[in-house]
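Values reported hereafter were calculated over all heavy atoms of this structure, with side chains retained and with hydrogens, waters and symmetry mates removed. A quick note: this is a predicted structure, and the numbers were derived from the prediction, not measured. Chain identifiers are assigned alphabetically (A, B, ...) following the order of the sequence lines, protein sequences preceding nucleic acid strands; residue numbering begins at 1 within each chain.
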2 protein chains.
Amino acid sequence: MAERLGVSPSTISRALQNHPSIGKKRTAEVHKLAKKLGYYPNSVASNLRRNRTNLIGVIIPRIDRYFQSSAIAGIEEVASKAGYYVIIFQSNNSYEREKENARMLLSSQADGVIACLAMETDNYDHLAVFKDNNVPLVFFDRVCDEIETHKVIIDDFGAAMKATEHLISIGCKRIAHIAGNQKVAIFRDRLRGYQEALRKHQLEQSEKLIYYTEDLSRMEGEQAVAHFLESDAALDGIFCSNDTSAISAIQTITKQGKKVPEDIAVVGFSNTPTSLIVSPALTTIDDHAFEMGQAAARLLIRQIDEKQETVASETITIRNDLVVRESTMKIQSN
Amino acid sequence: MAERLGVSPSTISRALQNHPSIGKKRTAEVHKLAKKLGYYPNSVASNLRRNRTNLIGVIIPRIDRYFQSSAIAGIEEVASKAGYYVIIFQSNNSYEREKENARMLLSSQADGVIACLAMETDNYDHLAVFKDNNVPLVFFDRVCDEIETHKVIIDDFGAAMKATEHLISIGCKRIAHIAGNQKVAIFRDRLRGYQEALRKHQLEQSEKLIYYTEDLSRMEGEQAVAHFLESDAALDGIFCSNDTSAISAIQTITKQGKKVPEDIAVVGFSNTPTSLIVSPALTTIDDHAFEMGQAAARLLIRQIDEKQETVASETITIRNDLVVRESTMKIQSN
DNA sequence: TTGTATGCGTTATCAC
DNA sequence: GTGATAACGCATACAA
């Protein structure tokens, strides 16, 4: 420690954090010496003493998915501005990993946690623990009803309905759906939204028009289309629960000699950059991942700062927009 | 602390980490109580005492770029298997942010640092500090010669040459290049590789065939193509320093009524998933971002574990592959 | 305005 | 095998 200035450690400590009770001259002096000596405060010790780490833990399935990394970018932007670090734990959609992550996070004394649930997860005790230890917790996107805490979501039901109604509005009569893993609430909601739109407009509903996938992969998009085309479904529109499967669907349809959107119109979900690259460009729902991250971080930081036990759980619904592109731009037939 | 078992803290501590000198019965007992009490070790205190955090700091430009998030995924995979956490700092390509990040990282007592330099950075003192403090440092992708430390790179020069020679091999005679920011070494190397290929095969070189961009964005790809087509360049091939600009180039060329690859063949760089989505699919260099991350993490962890000051700096060159797709598949004209 | 003393929760060292 | 003790580096209550 830099006490070769002839002052006590406490003075140094106070000067370094610009404590008002220290003379300006002293303060400046100390800062200069610190720089010269290449002194960097040991935040581990500081954290221990203050019982605060300025660390926000994030538990997410995978960092190398566009939606997730955008959300993290949003979290990071808000967090770093507020003086927080972000530490990321990937669950790889595994329940065990997620449990392990939570354990580590609790040990690291993070000031708060933001989580997007793994696909597998259907027991939430490992996350309830945060509440028990008074660590603020915010869910985003893939939330669960079992834990009462703060949440940031979009209206998946409404968005899916909007997407499907858009297909209806351009004249589609037999609309199929490529559905995500039904263990996950958002994908259930999207399916429900699709169904509700059909019901409302009195279009045919049939299980033959729904293809259930494991994780909406490229390959599954291909399989879905193959399945639909082989069947007697005679579909003229598809609403897909994500962009990956939608893009794969477009490519497969085209490869089969059919035209998008003339023969079959396609709508995706998330507005990833890829939706601009596929030809025809993909109509999709913009779910504003970055904003979700921002909102989650803001909500969390507010909890941390207020640290009253009394704050009611808040659910923020982020706006979503239908972005119309070529994959649904056809001359209306009637 | 859980000493209501009637034993001392040290026994607890030892039992918790399965120290061999503790009776099996005791150990089991302690573990059970810990679970019942919902006890989580405070790793901040542990870190302070052990003078070790098991934290790996990563400084990168932006997390929401495919190359970066893949590399991070690779880092994370290796790190978490070895018992390390990964904490991410984004520089947003800003030198000032990067400096700030380094400062914070040093304070957080990270055991090691992996960095990919910001575009702006041309002074490296803020990173040299790690060496001064005996914190192992590994650069990847965007490295610098000024600091002697461990590095993970690809052979950008060779890869660019390979890409360009591929264009030559399919009969292209007037090959243009969309170049990245020349402040960054990898983009300079790719330009040099392109030039060397032309030289070797005695094709015309001209500044008119090179378009310099700021950050190889979509828009710049468009502008580059517009520029080339307006000029009297009469090009029949383009080597682009990344996939984004290449894809944008393909789309612009197509929009202008020319055909890819028949009129103009296109090669990109990085093999992002988007190269499969554009039509025609993009020929590109696979730079194995995930593997780069893995290699960087492995190299770093080895440094941390050995912690001998004597380890010579090592530079690992990751393989790269030309992935040939439709954007260069034309019937050879001669 | 500054110094002194104490403790944050853990673990390494030494003694038993 | 187990317990007592000190120390990691910093921040604060209190005294001066």
Side-chain angles (χ1 to χ4, degrees), chain A residues 1-35 37-55 83 85 103-111 129 133-135 307, chain B residues 1-35 37-55 83 85 103-111 133-135 304 307:
Chain A
M1 266 294 280
E3 302 145 30
R4 28 169 287 196
L5 242 190
V7 294
S8 81
S10 27
T11 305
I12 301 284
S13 168
R14 285 190 269 246
L16 249 21
Q17 32 187 328
N18 299 312
H19 197 284
S21 78
I22 298 286
K24 292 219 161 192
K25 204 163 3 136
R26 256 293 126 80
T27 306
E29 229 171 43
V30 171
H31 274 105
K32 216 174 65 189
L33 184 68
K35 178 149 286 178
L37 258 47
Y39 169 81
Y40 291 84
N42 181 329
S43 60
V44 174
S46 165
N47 290 343
L48 177 60
R49 179 62 233 249
R50 291 180 309 134
N51 197 24
R52 200 169 194 304
T53 54
N54 279 33
L55 207 61
Y85 307 149
R103 223 176 38 68
M104 296 197 295
L105 215 37
L106 219 30
S107 272
S108 4
Q109 314 288 112
D111 291 341
V129 171
N133 289 49
N134 256 317
V135 179
K307 67 167 58 178
Chain B
M1 267 295 281
E3 301 145 30
R4 28 169 287 198
L5 242 189
V7 294
S8 81
S10 14
T11 306
I12 301 283
S13 168
R14 284 190 272 247
L16 249 20
Q17 32 189 325
N18 299 312
H19 196 285
S21 77
I22 298 287
K24 291 220 160 192
K25 201 161 10 131
R26 259 289 133 79
T27 306
E29 229 174 42
V30 171
H31 273 107
K32 217 176 64 191
L33 184 68
K35 178 149 286 179
L37 258 48
Y39 167 81
Y40 290 85
N42 181 330
S43 59
V44 174
S46 167
N47 290 343
L48 177 60
R49 182 60 236 245
R50 293 180 310 131
N51 196 26
R52 200 169 192 305
T53 53
N54 280 31
L55 208 61
Y85 307 149
R103 223 176 38 68
M104 297 196 295
L105 215 37
L106 219 30
S107 272
S108 8
Q109 313 290 111
D111 291 342
N133 289 48
N134 256 318
V135 179
I304 296 174
K307 67 165 60 179

Visitor: Using a cut-off of 4.0 Å on non-hydrogen atoms, how would the nucleic acid contact of A:I22 be classed: base, sugar-phosphate, or nothing?
Guide: sugar-phosphate
Visitor: In whole Å, what is the span from the CZ atom of B:R49 to the C1' atom of C:dG7?
Guide: 15 Å
Visitor: Assess the residue pair A:R14 and A:V30 against the criterion (side-chain contact (heavy atoms from CB on, under 4.5 Å)); give the C-alpha distance rounded to whole Å, side-chain angles, the decisive distance to 0.1 Å, and a yes or no.
Guide: CA-CA 10 Å; A:R14 285 190 269 246; A:V30 171; over 6 Å; no
Visitor: Do B:Q109 and B:N47 make a side-chain contact, defined as non-hydrogen atoms from C-beta onward lying under 4.5 Å apart?
Guide: no
Visitor: Let me check the geometry of the helix from C:dT1-D:dA16 to C:dC16-D:dG1. What is the bend angle between the axes at its two ends, five pairs each, to 10°?
Guide: 40°
Visitor: Taking atom C1' of C:dT1 as reference, at what distance in whole Å does atom CZ of A:R14 sit?
Guide: 9 Å
Visitor: May I have the distance from B:N42 (atom CG) to C:dT11 (atom C1'), rounded to whole angstrom?
Guide: 13 Å
Visitor: If only side-chain N and O atoms of A:Y39 are considered, is one of them under 4.0 Å from the OP1 or OP2 phosphate oxygen of D:dC10?
Guide: yes
Visitor: Could you tell me whether the phosphate oxygens of C:dT10, OP1 or OP2, come under 4.0 Å of any side-chain nitrogen or oxygen in B:Y40?
Guide: no
Visitor: Taking OP1 and OP2 of D:dA11, is either one under 4.0 Å from a side-chain nitrogen or oxygen of A:S46?
Guide: yes
Visitor: Checking B:S108 side chain against B:M104 main chain: does a donor-acceptor pair fall under 3.5 Å?
Guide: yes
Visitor: Looking only at side chains, do A:T11 and A:S8 share a donor and an acceptor under 3.5 Å apart?
Guide: yes
Visitor: Rounded off to whole Å, could you give me the NE2-to-C1' distance for the B:H19 and C:dC14 pair?
Guide: 13 Å
Visitor: How many whole angstroms separate atom CD of B:E29 from atom C1' of D:dG1?
Guide: 14 Å
Visitor: Separation of B:L48 atom CG from C:dT11 atom P, in whole Å?
Guide: 11 Å
Visitor: Classify the nucleic acid contact of B:N51 as base, sugar-phosphate or nothing, counting any heavy atom under 4.0 Å across all strands shown.
Guide: nothing
Visitor: Kindly indicate, with the supporting measurements, whether the criterion side-chain contact (heavy atoms from CB on, under 4.5 Å) is fulfilled by B:R52 and B:I304.
Guide: CA-CA 10 Å; B:R52 200 169 192 305; B:I304 296 174; 3.6 Å; yes
Visitor: Between A:R26 and A:E29, is a side-chain contact (heavy atoms from CB on, under 4.5 Å) present by the stated rule, with each step listed?
Guide: CA-CA 5 Å; A:R26 256 293 126 80; A:E29 229 171 43; 3.3 Å; yes
Visitor: Just to confirm, is there a sub-4.0 Å distance from OP1 or OP2 of C:dT2 to any side-chain nitrogen or oxygen of A:R26?
Guide: yes
Visitor: Give a yes or no answer on whether the side chain of A:S107 reaches the backbone of B:P41 with a donor-acceptor pair at less than 3.5 Å.
Guide: yes
Visitor: Please determine if a side-chain N or O atom of A:T11 lies less than 4.0 Å away from the OP1 or OP2 oxygen of C:dG3.
Guide: yes
Visitor: Can you check whether any acceptor in the base of C:dT4 is under 3.5 Å from a donor in the side chain of A:S10, or vice versa?
Guide: yes
Visitor: Could you tell me the separation between the CG atom of A:N18 and the C1' atom of C:dT1, rounded to a whole number of Å?
Guide: 15 Å
Visitor: Which whole-number value in Å describes the distance from A:L16 CG to D:dC10 C1'?
Guide: 11 Å
